[in-house]
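Convention: sequence-line order gives letters A, B, ...; per-chain numbering from 1.
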2 protein chains.
Amino acid sequence: MIDTDELLSIRAAELYYEENKTQDEIGAVLRLTRWKVGRLLAQAKASGFIRIEIVHPRARRLIVERRLREHTGLSDAVVVSAAGVSTDEELQSRAAQAAADYLTALRPVPSTLGISWGRTLHEVAQGLKPGWARGVNVVQINGGVSLNRRTGTAAATAVTIAQKALGSATLLPSPAILELVETKLAIESDRAVATVLDLGSAASAYLFSAGQADENSALVDSGYLTADQVAELVRKGAVGDIVGRYINADGHIVDLELDERTIGIRLEQLRRAPTAIAVIAGSTKHAVARAIVFSGLCTVLVTDEDTALAVLGEAP
Amino acid sequence: MIDTDELLSIRAAELYYEENKTQDEIGAVLRLTRWKVGRLLAQAKASGFIRIEIVHPRARRLIVERRLREHTGLSDAVVVSAAGVSTDEELQSRAAQAAADYLTALRPVPSTLGISWGRTLHEVAQGLKPGWARGVNVVQINGGVSLNRRTGTAAATAVTIAQKALGSATLLPSPAILELVETKLAIESDRAVATVLDLGSAASAYLFSAGQADENSALVDSGYLTADQVAELVRKGAVGDIVGRYINADGHIVDLELDERTIGIRLEQLRRAPTAIAVIAGSTKHAVARAIVFSGLCTVLVTDEDTALAVLGEAP
DNA sequence: GGAAAACTTGCTCACATGAGCACACGCATC
DNA sequence: GATGCGTGTGCTCATGTGAGCAAGTTTTCC
């Protein structure tokens, strides 16, 4: 059975929030003093009966952001609202836009910004306003010459971000994954590539996304891996990839041999970075997001509400 | 592209509603005067970006209630929240409970209350508190001797309501629908039945529900009609039944011959009643609810949010 | 049965907030 | 370049609201 005070607090809340009456007027209607009404309203709020939601594509969830900062090693977090959103694409767009906003407001402005590539990063680039910064050197931190269609997407992302920042782009002229370790070592020692990798290692900030470990991964899409290879990685515990490298739930490399053939910044370097912004959204990426956050691969997480709750280990 | 002020109002709303900051503090953060912040918040509210919802099984939607009173001929309306409810059963329970509350608060207390029977009415009876009134004569207004199982439900409902009101129940000792008009006329003229019908016609208030026109109808369930007969009625335009009589979208009797064999109060009597409370909830009953409201068959509607919006002709 | 504890109630006071107003700025027109 | 109009801004003032407090009431426990 429901408490009398509980029912009264609901009646009061209806009059207060729906009818915009003052607590005094409510008191007159319900035959209570205005202080009692105030207490009932406070009680209704405390019991969670009053739900206030900001419904807007650009709305953030500050409460969840704070919880993330407090309960994880993150130094900052941006959580976009998932209210009224049904598709993962929409969530990713919102997160990408939020990442663009975060980057724009980031102080100090990074002189060198290391970035990965992919659908999400492309959207971040689109979301940035021309002139968002003045003179940023954008460096690719993982191999990105696509093997089939989508050619140039990786490069275009870096160039767009750099142009809009009135700065320069430094591209990594290399595939993401090589077939032989020897080839990888050869490419890596090439002066043109080595210079970019060194520059990337010394970036003042990083911005990257992550991919889920399944056949829809960008690495499969780009032809670097087959769906079967990814399935095998999943069998070994892979939850997703970050800058081209597959990790398990603990944030460790899943397949050392594969990793030896992957070109790009090493995870240890990312872990040492003072500012590493991960943009990860969508229901398929909950596991990777969790792995990345708890293994210290990023200092800032830009994500959606549901993913954030998953990272915190709570039901949505 | 999104307006700068719009974005600012969202940021302000986040700080105000999620972080519980004062408008002054928000002003300090966003570098605005506190009046500007107040205006942005007002704007956010006006634009509908702020959604305040009362989540509680007993919560009502006063705004929708008012719209119902204004845009229909209803003298009063009770609309229960559908927040977080998935099943029609739950909606019906909530509406039934709300009807019980409404009846309890109804002034003047009806000396004679005419009621129909069915699942919903049974729940209303359950929801009433013992002693909700002092001395109400409860009269059945339509035939209700069940042909198979559920025997006694109709009678039990009337008796329960009467007992809890410290009053008396007057049962209508007759089936709902007869097979022959002659039988119906004979029963109707029987002194025991006629007296009850007269009493029912003179009731000071009515409380009834309505059934949808499909094979799950209570009349089919009780064996008065077959699923095929109901299908035929639907073909003729039936949207549902009220006190055992099937009506179309205009509130008119669908099948006059069938109606002649139905025992109970006539719809004209209901339309003349100063207080006729209809309790109708659930997604299957939108059409009947609409028909009943717009043909003046009730003066008070107790329903759920979605049905109310359907009655108002709006999307949910 | 009575004392102590826990809670509730009505209140004062200080702060937060919305309404209303005057002024300044941008814009078009003459 | 002056004039009038509409919009946006900062302010005063009145009202609404939450924190804290003392008295009253109920509950609990000996």
Side-chain angles (χ1 to χ4, degrees), chain A residues 1-56 58-63 65-67 101 105 129 131, chain B residues 1-56 58-63 65-67 81 101 105 129-131:
Chain A
M1 199 59 196
I2 295 172
D3 187 356
T4 315
D5 259 25
E6 187 174 313
L7 258 175
L8 266 181
S9 75
I10 296 302
R11 296 284 153 261
E14 287 162 0
L15 294 164
Y16 192 73
Y17 291 106
E18 299 210 29
E19 298 278 73
N20 293 316
K21 287 190 192 293
T22 75
Q23 300 186 0
D24 219 2
E25 291 173 313
I26 297 169
V29 174
L30 301 179
R31 300 169 171 279
L32 301 166
T33 64
R34 85 169 203 269
W35 297 286
K36 177 71 179 170
V37 174
R39 284 186 239 268
L40 285 172
L41 287 171
Q43 192 189 311
K45 266 192 228 170
S47 312
F49 298 148
I50 315 294
R51 189 159 68 201
I52 301 182
E53 218 176 14
I54 304 170
V55 278
H56 192 282
R58 301 289 278 268
R60 284 166 54 180
R61 306 299 319 276
L62 302 187
I63 299 173
E65 292 180 4
R66 183 166 46 202
R67 292 232 301 281
D101 293 346
K129 280 218 297 232
Chain B
M1 198 60 197
I2 294 173
D3 187 357
T4 314
D5 258 26
E6 187 173 314
L7 258 175
L8 266 180
S9 75
I10 296 300
R11 295 284 153 262
E14 287 162 359
L15 294 164
Y16 192 74
Y17 291 106
E18 298 210 28
E19 298 280 70
N20 294 317
K21 285 190 192 293
T22 83
Q23 300 187 1
D24 219 2
E25 290 173 313
I26 297 169
V29 174
L30 301 180
R31 300 170 170 277
L32 301 165
T33 63
R34 89 168 198 268
W35 297 284
K36 178 72 180 170
V37 175
R39 286 185 180 112
L40 286 172
L41 287 172
Q43 192 190 311
K45 265 192 230 171
S47 312
F49 298 148
I50 314 295
R51 190 160 68 200
I52 301 182
E53 219 176 14
I54 304 169
V55 278
H56 192 281
R58 300 289 278 268
R60 284 166 54 179
R61 304 301 319 274
L62 303 186
I63 299 174
E65 291 181 2
R66 184 166 45 203
R67 292 233 301 283
S81 162
D101 292 346
K129 279 217 299 232

- Tell me, which of residues 5-15 of chain B have any heavy atom that sits under 4.0 Å from an atom in DNA chain D? none
Rounded to the nearest angstrom, tell me the gap between atom [atom1] in [X] and atom [atom2] in [N].
X       : N      : atom1 : atom2 : value
A/Lys36 : D/dG18 : NZ    : P     : 15 Å
A/Gln43 : C/dC7  : CD    : P     : 14 Å
A/Asn20 : C/dT17 : CG    : P     : 16 Å
A/Leu40 : C/dT8  : CG    : P     : 11 Å
A/Asp24 : D/dA14 : CG    : P     : 18 Å

Please produce a list of atom pairs where a protein N or O lies less than 3.5 Å from an N or O of nucleotides 18-24 of chain C.
{"residue": "C/dG18", "atom": "OP2", "partner": "B/Gln23", "partner atom": "NE2", "Å": "2.8"}

Under a 4.5 Å cut-off applied to non-hydrogen side-chain atoms, are [X] and [Y] in contact?
X       : Y       : value
B/Lys36 : B/Asp5  : yes
A/Arg34 : A/Glu25 : no
A/Val37 : A/Leu15 : no
A/Glu14 : B/Ile54 : yes
B/Arg51 : A/Arg51 : no

- Note on the structure: d(A/Leu40 CG, A/Gln43 CD) to nearest 0.5 Å is 6.0 Å
- For salt bridge (charged side-chain N to carboxylate O under 4.0 Å, His left out), just list the numbers for A/Arg58 and B/Glu6, CA-CA rounded to whole Å, side-chain angles, deciding distance to a tenth of an Å, and then say yes or no. CA-CA 10 Å; A/Arg58 301 289 278 268; B/Glu6 187 173 314; over 6 Å; no
- Item | Evaluation steps, salt bridge (charged side-chain N to carboxylate O under 4.0 Å, His left out), between A/Arg66 and B/Glu19 | CA-CA 10 Å; A/Arg66 183 166 46 202; B/Glu19 298 280 70; 3.2 Å; yes
